[in-house]
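In what follows, chains are A, B, ... by sequence order, proteins preceding strands, each numbered from 1. Values below: every heavy atom of this structure, side chains too, minus hydrogens, waters and symmetry copies.
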Amino acid sequence: MTPITSKICIVGDFAVGKTSIAERFVNNQFSEKYLTTVGVKIDTKEIERPESGVIHKLVIWDVAGSDRFDDTQYAYLRGASGYIYVADGTRAATLASVRQLQEQISQRYSDLPAVALVNKSDLASDWEISDEQIVALGARFNGVFQTSAKTGDAVEGAIDKLAALILDTVLQDS
Amino acid sequence: MSDLDRLKSLLFGAEKEALDSITERVERREIRTADVADILPEAIYQSHNKNAELVESLSEPVGECLQRVFQEDPETYGNALYPVIGPAIRKSIMHALRNFAQQINAAVEHSVSPTGLKWRWQASRAGIPFGEFILQRTMQYRVEQAYLISRENGLLMGHVHHEASKIKDSDAVSAMFTAIQDFVKESFSPDRTGRLESADMGEFTLWAVHGPHALLVCVIRGVPPKALRADLSAILERIHFRYGEAIRDYKGDTASVGDVEVELERCLRFEARRERSERKGKAGLWITLAVLLLAAAGFLGYRSWNYSQQLDRLAAALAAAPGIHVTDITRDGGDFVVRGLRDPLAPGMNGIAVSADIDAQRIAAEMQPFQSLQPEIISARARTVLAPPPSVQLAVVDTALVVTGDAPWQWRRQLENRATALAGISSIDLGNLTSSDRDAFVERAKQLDQSRFQFASGVNLATGAEAEIDQFAEEFQALQADAADVDFSVVLSLYGSTDSTGDAAANAELAQRRADVVAGLLAIHGVSVASSGRVSELPALESSADDARRRFVQIGLTIQSAQ
């Protein structure tokens, strides 16, 4: 099978669970301490796509949490094939951050496959985000998922969706 | 239409159309442009082949054009020129380096250390300047891993490594390196033009070589030479040249950069080892050699010292030994050869070896025999030749042999002649030498002398006298047998005696007859009598009993020296 590698970035506000989502998903964790020093943590995950004859390796850049990006963080996004935006369902403000980040990023980089994850679905009682808001979000992303990094709920499906979109793009180009 | 026009039309209909068409072509810019474009390549080709005017007329405007576009968009042209500029610069740098190496060469030309000489020889054998050889020998490194990373997205395009190298997830490493690269660039380079080119981690050096679209990151064990960067740059340029757009637009499809790892493998060929173990071994060898040499020198020194000590001792022992005269002592390997004269009675070489504390096997004597006149040797010779009995002591005083003690007469008798025949002895002193065997003989003779055998009357022996005669005969014979040993001869005489009664003439006859009787009895025993007669004088009589005892025969025994 042909190996294809793609860079995807996980972005979102502080403490929305980006790192937890990455950990839930990946099989190769790589030096977590860089997250605090350099501001990014890198994990990898291989997904086999026998139907396409491809081993799709995702290099996941877990960019330190922020609602606005500075230059360094922007630099980390360069060359990505897709984005995972993460919001915290128990904090409405994080959803605003997602929208803000998406605007910032699309100004600087071209439109790319992106999914939005509204995390912490296990804390449904503290939920601050309405279904309407989630549906509205769906217009701007290739998919919106209510996930729980804690239980693993929908995490894999969300990233798998993004990976599939990226792979389509790559295969179309070539 | 006027008549004139109609006329023109009738007269020049076809020509007019052609004229209109030409006019249109001349007046309409787009048609004219198309025409020129049509013939331009051919025109340029023809003009260029015809003469140099075209180049001349174009050089200025083209130059200006290039100048302007370079100013406006330097990056594009820089990227385009990258594969060209690298080799050009490298060539220039190599030239400079060669000059530098030549300078080093000159600087160390007079170095004469053993390593320097060895290197010089190896360099001349390899046909490279000495300076370059030194640079090579003093570097130690190996390119362990090489990553080809997209500058755009940090994705790994290729990765090669030595089998022994420990590899983590190379895609993650690639991404992380890019992240760190970005981090450093954003954090420490205000205008963001700086870039991370090297990092040191313990025994590893990490070098990043930047191309327009890709980054070649090499993990190098040891200290790489600066020139290695040029080599790595050349590889990266080659990759850019070969893969061009595939690298620029890399999106993670490794097939688009197929075989890039073959190019990367070239990086791993860069290594230079100082062959530490060999050097260590050689150093060890040198040290061992030095120790051995020192030990050998010490050993030789000790041996030489020891030898001279032994020589001194041997010379002293030989000098102290009587009967040996040394003319020279020479060395044969570790052994000694002694030449000179030696009396056969001198101490043996074994004894000398013992007293000199040298193994006797190491002493070879090439001695000529001679007779020594040293007193000890004269004494020894006397003892050997004369074989004195244990009761005799010999001493040599000057040239006189002083013999003391008690010796059998026979030995003593021979002594004088034999002793004076010995070399070194001119006289013999026997003043204190006794011969008890000869004295004992004289004593035995004295005891037999004047023995008397009584007669009863006439020629009749008194009772028991015959037995006394038998015993005397036996003792006399024994004495006579021993006489020769002590150089004596024994002479036996018999003297007859009578009492006072009767006339003198008859008594004289009787005395003679009595002596004859005893002589006859002795003759039976084989004892011969030299003479017989009458006792000449007798003491005056004191009683008649005395007178009766005068009827006897008396023995007269004399000893004479045989000499």
* To do: Verify side-chain contact (heavy atoms from CB on, under 4.5 Å) between B:K251 and A:T5, making sure each step is shown before the conclusion.
  => CA-CA 7 Å; B:K251 288 282 184 288; A:T5 319; over 6 Å; no

So B:D253 and A:T2, side-chain contact (heavy atoms from CB on, under 4.5 Å) or not? Walk me through it. CA-CA 8 Å; B:D253 183 2; A:T2 315; 4.0 Å; yes

Is there a side-chain contact (heavy atoms from CB on, under 4.5 Å) between B:L155 and A:V59 once you walk through the steps? CA-CA 8 Å; B:L155 290 178; A:V59 180; 4.3 Å; yes

side-chain contact (heavy atoms from CB on, under 4.5 Å) between A:K57 and B:D169: does it pass, once the steps are laid out?
CA-CA 11 Å; A:K57 185 164 189 175; B:D169 184 335; 3.0 Å; yes

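In this structure, A:T44 contributes its side chain and B:A172 its backbone to no donor-acceptor pair below 3.5 Å. Formation of a donor-acceptor pair under 3.5 Å by the A:R78 side chain with backbone atoms of B:N153 is not found in this model.
Between A:V40 and B:A179, the shortest heavy-atom distance links the atoms CG1-CB, 3.4 Å.
More than 12 non-hydrogen atoms from other residues, nucleotides or ligands lie less than 6.0 angstrom from CD of A:Q104. The 12-atom threshold is not exceeded at OH of B:Y45, counting heavy atoms of other residues, nucleotides or ligands nearer than 6.0 Å. When the shell of 6.0 Å around CD of B:E30 is examined, it contains more than 12 heavy atoms from other residues, nucleotides or ligands. Enclosure of atom CZ in B:F204 by more than 12 non-hydrogen atoms of other residues, nucleotides or ligands within 6.0 angstrom is indicated.
For B:S150, no part lies near chain A; criterion is any non-hydrogen pair under 4.5 Å.
For residues 257-266 of chain B, every residue pair satisfying the side-chain hydrogen bond (donor to acceptor under 3.5 Å, both in side chains) rule, not counting sequence neighbours, is listed here: B:R238-B:E263, B:R242-B:E263.
Using a cut-off of 4.0 Å between Lys/Arg side-chain N and Asp/Glu carboxylate O, B:D171 and A:K7 are scored as not salt-bridged.
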